[in-house]
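Residue numbers start from 1 in every chain, and the chains themselves are labelled A, B, ... in the order their sequence lines are given, proteins ahead of strands.
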Amino acid sequence: MVKKYSEYKQLDLTAIGEQVLKNWEDNNTFEESLKLRQGKTPYVFYEGPPSANGQPGIHHVMARAIKDIFCRYKSQKGFYVTRKAGWDTHGLPVELGVEKNLGITKEDIGTKISVDDYNKACKEEVMKYKDMWDRLTKLMGYWVDLENPYITFKNEYIETLWYLLGELYKKGYLYKGYTIQPFSPAAGTGLSSHELNMPGCYKDVKDTTCVAIFKVKAEQPNMKSCPFGLNDIKPEDCSVLAWTTTPWTLPSNTALCVGPNIEYVLVKTFNPYSGAPINVILGKPLLNSFFPEKNSELSFEDYKFGDKEIPFKVLASCKGKDLIGLEYEQLLPWVNPGEGAFRVIGGDFVTTEDGTGIVHIAPTFGADDDRVAKQSGVPPLVMFDKEGKRQPMVDRSGKFFKIEDLDEEFVKNNINTDAYKAFAGKFVKNAYDKNLTEKDMSLDVEIAIALKEEGKAFKIEKHTHNYPHCWRTDKPILYYPMDSWFIRTTAVKERMIGLNKTINWKPEATGSGRFGNWLENLVDWNLSRSRYWGTPLPIWRTEDGLEEICISSVEQLRNEIDKSIEAGFMSENKYASKDYESFDLHRPYIDNVYLVSKEGKKMTRETDLIDVWFDSGAMPYAQHHYPFDINKEQLQQSFPADFIAEGVDQTRGWFFTLHAIGTLVFDSIAFKNVVSNGLVLDKNGNKMSKRLGNGVDPFETIGKYGPDATRWYMISNSQPWENLKFDIEGVDEIRRKLFGTLYNTYSFFALYANIDGFAYKEENIKNEERAEIDRWILSELNSLIENVDNSYADYEPTRAARAIQNFVDEYLSNWYVRLCRRRFWKGEYSSDKISAYQTLYTCLETLSRLMAPISPFFADRLFTDLNNVSGRFSVNSVHLTDFPESDKAIIDKALEERMQLAQKICSMVLSLRKRNNLKVRQPLQKIMIPATNPEMEKQILAVRDLILSEVNIKEIEFLSQENNVLVKKIKPNFKQLGAKLGSKMKHVAGVLSAFTQEQISEIENNGSIFVEIESENIELSISDVEIVTQDIPGWVVMNEGVLTVALDTTVTESLRKECIARELVNRIQNIRKEQNFEVTDNIIVEIEYNSLLEEALAEHQDYIMGETLTKELSLVKHGDISIIMGDQNTEPISKIDIIEGIELDINIRKV
RNA sequence: AGUCUCGUAGCUCAGUUGGUUAGAGCACUACACUGAUAAUGUAGGGGUCGGCGGUUCAAAUCCGCCCGAGACUACCA
């Protein structure tokens, strides 16, 4: 039995999704697609691991569609594309989720709940929505190996991380330092920026602020001359003004920071609190906020201490960079910070919005401060506690260190006890001191007063500013130096920048801009996190910090523990077994491991966990348990990645950590191509959020519109890296426009191919023997293949999708199928008909292969529906076929151009008909086209028949340009003339627009013409201008660009008869349809007599009968039709209206 | 605050190296077609190309500033 093409009642993309998914599962199609390519060149893809502790959203469909598209595409291109899934399982959100579920806080860990149970809860929490993720992955058609994912909490995974850290340690890239982090003395804990960004944390508070006077030193070893160019002023008579909202940090000041490009002034005035004459330096833009303009006229001689208005005089000005290096005396000489302090340094972040334009730098209490101080080699002000540890001036409870808590030696050598003792032990914020209230005098005030008394304060006032508070205690936080482990990324900064330039970023700007800038401003990677649920830092230290070890494998750990047992620091080795299921590398188990140092001292693990970004950045190696399960050669099979894709928010996340670890450990990029996709917003452009309830449920969308429409919409609507405004109506539009059209085209094909038994068994008809329109659509198809192939290869899925859409709608459906319809149902099974079938079949089959990466389900259905009959491919899925190859020999650009010309002409004629009320069914005699050149005439002639039949016209007449009935219009060829004439362009344009018909003829005939512009003769050649026909008197005319079409609107008697014949055909077809005849049924027709109809029949009877499969056609007198009503065969009489105002009876029955 | 991206019709988007009527689809209105028919075509309205300034004979396009949206990084005297 001949197989039939499946025909469907209607398009149901959801059902297609489900059925095709089932086929894939039944046939293991994904595995097959891999097997098929085994041994071929690998195309390496890395899955950026999602965290399954949150539900997947529609944006995940977006990100995963992009990943899937290129993996499928490359697979079709013959590469071996393995795709290992992964799960990101560590991190704060997991901890917070667990705490919320169990109703506990961090403090309860170890008391209300054992750390053991806590970790168990984390493992469960992190996989909470795994099933949902797996379901979405399958439903949306994302092919990734879910059976063997890498999971970041597995011991094997962690072991690879330790190995990598060990490598970094060996290279000296791992070190302990400190960073300035938000710290809550009230809660005694550091805070993450995440916690700081919780609503309500930033509050307006009123604090005492102080502008301090920093006296310039007499000796200036760094300055060759006075930066202000003044010789008569001694340095020691000058001072620098700096403002602070936290006067308690002033004793820790070690530098002052100016903006290199900001202008500064030296101002002569008096100290408002002492009346002493001084010269102060401050930012010029801020001059008047300290010195009202009017006071510049006050007399210095008349000033008396206590006067409200203080005179001032600007002596000179200079740039900030000129001040760099200026040394000053320590403001509050309590503690000696050592060499290099008390200098003016430069920093980009300095503004002149408030303050003095000069920033007081206390490196221990500000992140910016710390950074610029390090850059300039300025030391922080630190003290040493009893244990010999470096400490800032403030301890962890928020007070200045008590002298008795400090190292005696240090106190003796570096502390001015007399000055410091008055302040030691005081809390820097009253909120930290149980014995104080906000009404009591704050340390800020005390210090400000002390400065005032010493003549070192210029302005003291209350100031309201926004300051972060601890979300748990509601008390202000401090920025505080905290111990941290770092990776010295700055050591390979240049290398990272260099390697980044070899990465293909989509879009390019993210790579060079956002990522590039990030690398330019690279700082060392702070690895430390004070948490529970994460990868532990594998470093053990002796208590004095003099000896340490970095463990880089479980085996090493095992051996070290054995040594430790021998030394008596441990009693048993819980890591003795080689079974990775038998132990756990997480806290708290690992914290119970104590090792022994070379000197025989006990070593304790550094309690920090590492940044979870290290987990994901290490996935290229850890997913394969490198180097324990695979060696370096094997690693190179899957490193670096050819392609990764993730949201643009990963720039500083995953993209960075992949790149950093790749560079640090392997001196290599980690990925060659990266697509960073934008956000998915709601249809109004707002971010989707639970709070707003504007999120789109991916299951609902896929359930309603099917996975293909959803994917296609997301990819085609905007470039992946732009934000997508997700509008469900758009998905429906894709369903209708693209899949609906394609479905209709397929249905059309299937209908007739089934009738004719076309199964693509015949030899391919040679291209040159095919009809013009066949050659055209095949040319367009091959152009499309090339275009789509290039777009995918360039990681431009949107371009590919749009090109396919355009082809399906504009070319295939709206032109090829429309014009070729009758070739499919009319006539014998001739070679022309076979050519039509082969052509349409080829288009559909090729489309299925082109669109397979984007709409994998529909494409597969289309492919298998076709292939089940033709058996052209031996595989049972489009995803097992190769990507189509463009046949250059079939591409005929001239043909494509002239078909476009034909389409344009048709559209113009239809428009003319419309305007003149001449329906298409009314045949008309001719159209006239002025041929601009012989080439154009030739092109049109080649497609003449298509045009004529499409617009129902008998002939085309070409008018030569010399024809003087044409009314023409001339305008300059701007691009060419503009370059030539420059500023005279405007004049010439004006002159040309005023050209008479005679002048236009002159330039046409002579090839050039002289025009006078500003009494200068300029020669214009014919190529400098564009001449178009504007009108043909007596005709209805339309023009578009260079093309002009005129229509002969005369309806002759003969044309009218022909129209009647066509009307009749139309009515008969309608009735056939109404009565549900098969398209192949032959019929007998009887119509009521009418003289006009009779005349029309006389000429067109054969045509009418042929079109409608009528075997007998007769005209019957009015009333006679009813006579045969008694016949069983009879169908009811219908009324038709083919001639204006006359209704005729008609009867149609099957033969 | 800094860095980056984006801003074109009611909506979603095109718009080549600057070149003169700024395009397409959707939606809306009218008409047509009817052997693809729960499809299709044609026509129409609708734009200070975010704003201002500059370069140029010529700017949606190049430059500067500003406004708006978003992301990331910060939160600071």
Side-chain angles (χ1 to χ4, degrees), chain A residues 10-11 182 193 196 202 209 242-246 249 257 348-351 353-362 366-369 465-468 479 507 509-510 512-518 521 647-653 678-679 681 683 685-687 716-719 721-725 727 729-730 733 736-737 740-741 743-749 751-752 798 802 805-806 809 813-814 817-818 821-822 824-826 907 910-911 913-915 917 919-921 971-979 981-989 1066 1069-1070 1072-1073 1077 1079 1107-1109:
Chain A
Q10 61 175 31
L11 173 67
S193 57
L196 218 55
Y202 278 85
T209 69
W243 181 57
T244 179
T245 55
T246 51
T249 61
C257 191
D348 298 333
F349 66 96
V350 179
T351 67
E353 264 160 42
D354 45 22
T356 64
I358 296 159
V359 180
H360 136 68
I361 299 293
D368 273 337
D369 304 38
H465 64 148
N466 209 241
Y467 198 82
Y479 287 90
T510 300
S512 58
R514 185 184 288 205
F515 195 68
N517 289 344
W518 167 254
N521 298 315
V648 70
D649 54 337
Q650 294 297 339
T651 311
R652 277 124 156 126
L679 297 173
L681 309 169
K683 66 176 188 176
N686 297 313
K687 208 178 160 181
S716 66
N717 187 65
S718 62
Q719 307 249 62
W721 34 89
E722 281 182 36
N723 290 344
L724 172 70
K725 289 182 195 158
D727 186 357
E729 309 244 339
E733 189 180 323
R736 289 200 312 272
K737 288 282 311 170
T741 305
Y743 161 79
N744 272 326
T745 307
Y746 167 79
S747 301
F748 171 83
F749 168 82
L751 175 66
Y752 295 108
T798 308
R802 285 178 180 168
Q805 257 170 279
N806 187 52
D809 192 44
S813 167
N814 193 19
V817 173
R818 204 151 56 81
R821 278 196 311 234
R822 52 191 295 126
F824 288 89
W825 55 265
K826 189 95 170 100
S907 149
L910 291 171
S911 174
R913 276 181 170 276
K914 159 99 186 159
R915 223 175 274 176
N917 232 341
K919 52 188 166 186
V920 179
R921 221 181 278 129
K971 68 173 189 179
N973 177 344
F974 279 95
K975 194 163 184 171
Q976 188 175 321
L977 258 189
L981 297 179
S983 61
K984 298 189 194 79
M985 195 62 221
K986 268 201 175 129
H987 287 98
V988 175
N1066 164 250
Q1069 302 288 32
N1070 283 352
R1072 284 183 63 116
K1073 187 112 210 196
F1077 288 6
V1079 294
E1107 287 294 300
T1108 54
L1109 302 184

*Taking only the side-chain heavy atoms of A/Tyr479 (C-beta and beyond), determine which of B/rC11, B/rU17, B/rC75 contains the nearest atom.*
B/rC75

*Nearest of B/rU17, B/rG41, B/rG35 to any side-chain atom of A/Arg821?*
B/rG35

*Select one nucleotide: of B/rU73, B/rC76, B/rA14, the one nearest the side-chain heavy atoms of A/Trp518.*
B/rU73

*Base, sugar-phosphate, or nothing: which does A/Ser716 touch, judged by heavy atoms less than 4.0 Å apart?*
nothing

*asked:* Checking contacts here: which listed nucleotide (B/rG35, B/rC75, B/rC26) is nearest the side-chain heavy atoms of A/Ala367?
replied: B/rC75

*Under 4.0 angstrom, heavy atoms only, what part of the nucleic acid is A/Asn723 near: base, sugar-phosphate, or nothing?*
sugar-phosphate

*asked:* Mind checking if A/Asn806 touches a base, just sugar-phosphate, or nothing, with heavy atoms under 4.0 Å?
replied: nothing

*With sequence neighbours left out, write down each residue that passes ring pair (Phe, Tyr, Trp, His ring centres under 6.0 Å) with A/Phe515, or none if nothing qualifies.*
A/Trp505, A/His659

*Measure from the side chain of A/Val817, starting at C-beta and using heavy atoms only, and say which of B/rA36, B/rG25, B/rU42 lies closest.*
B/rA36

*Where are the stems of RNA chain B, defined as at least 3 consecutive Watson-Crick or wobble G-U pairs with both distances under 3.5 Å?*
B:1-7 with B:67-73, B:10-13 with B:23-26, B:28-32 with B:40-44, B:50-54 with B:62-66

_A/Phe974 CZ to B/rC57 C1', straight-line distance once rounded to whole Å_ = 10 Å

*asked:* What is the distance, to the nearest angstrom, from the NZ atom on A/Lys971 to the P atom on B/rC57?
replied: 21 Å

*What nucleotide, of B/rC6, B/rU40, B/rA36, holds the atom closest to the side chain of A/Glu722?*
B/rC6

*Classify the ring geometry between A/Tyr746 and A/Phe749 as parallel (under 30°), tilted (30 to 60°) or perpendicular (over 60°).*
tilted

*Heavy atoms under 4.0 Å, any strand shown: does A/Arg818 hit a base, just sugar-phosphate, or nothing?*
base

*asked:* Using a 4.0 Å heavy-atom cut-off, does A/Gly978 contact any base of the nucleic acid, only the sugar-phosphate backbone, or nothing at all?
replied: base

*If you look at every strand shown and take non-hydrogen atoms under 4.0 Å, does A/Asn517 touch a base, only sugar-phosphate, or nothing?*
sugar-phosphate

_Heavy atoms only, 4.0 Å cut-off, all strands: where does A/Glu1107 land among base, sugar-phosphate and nothing?_
base

*Would you please classify the geometry between the A/Phe824 ring and the A/Tyr752 ring as parallel, tilted or perpendicular, with 30° and 60° separating the classes?*
tilted

*Contact class for A/Thr1108 vs. all strands (heavy atom < 4.0 Å): base, sugar-phosphate, or nothing?*
base

*For A/Phe974, enumerate each residue passing the ring pair (Phe, Tyr, Trp, His ring centres under 6.0 Å) test, keeping only those at least two apart in sequence or located in another chain.*
none

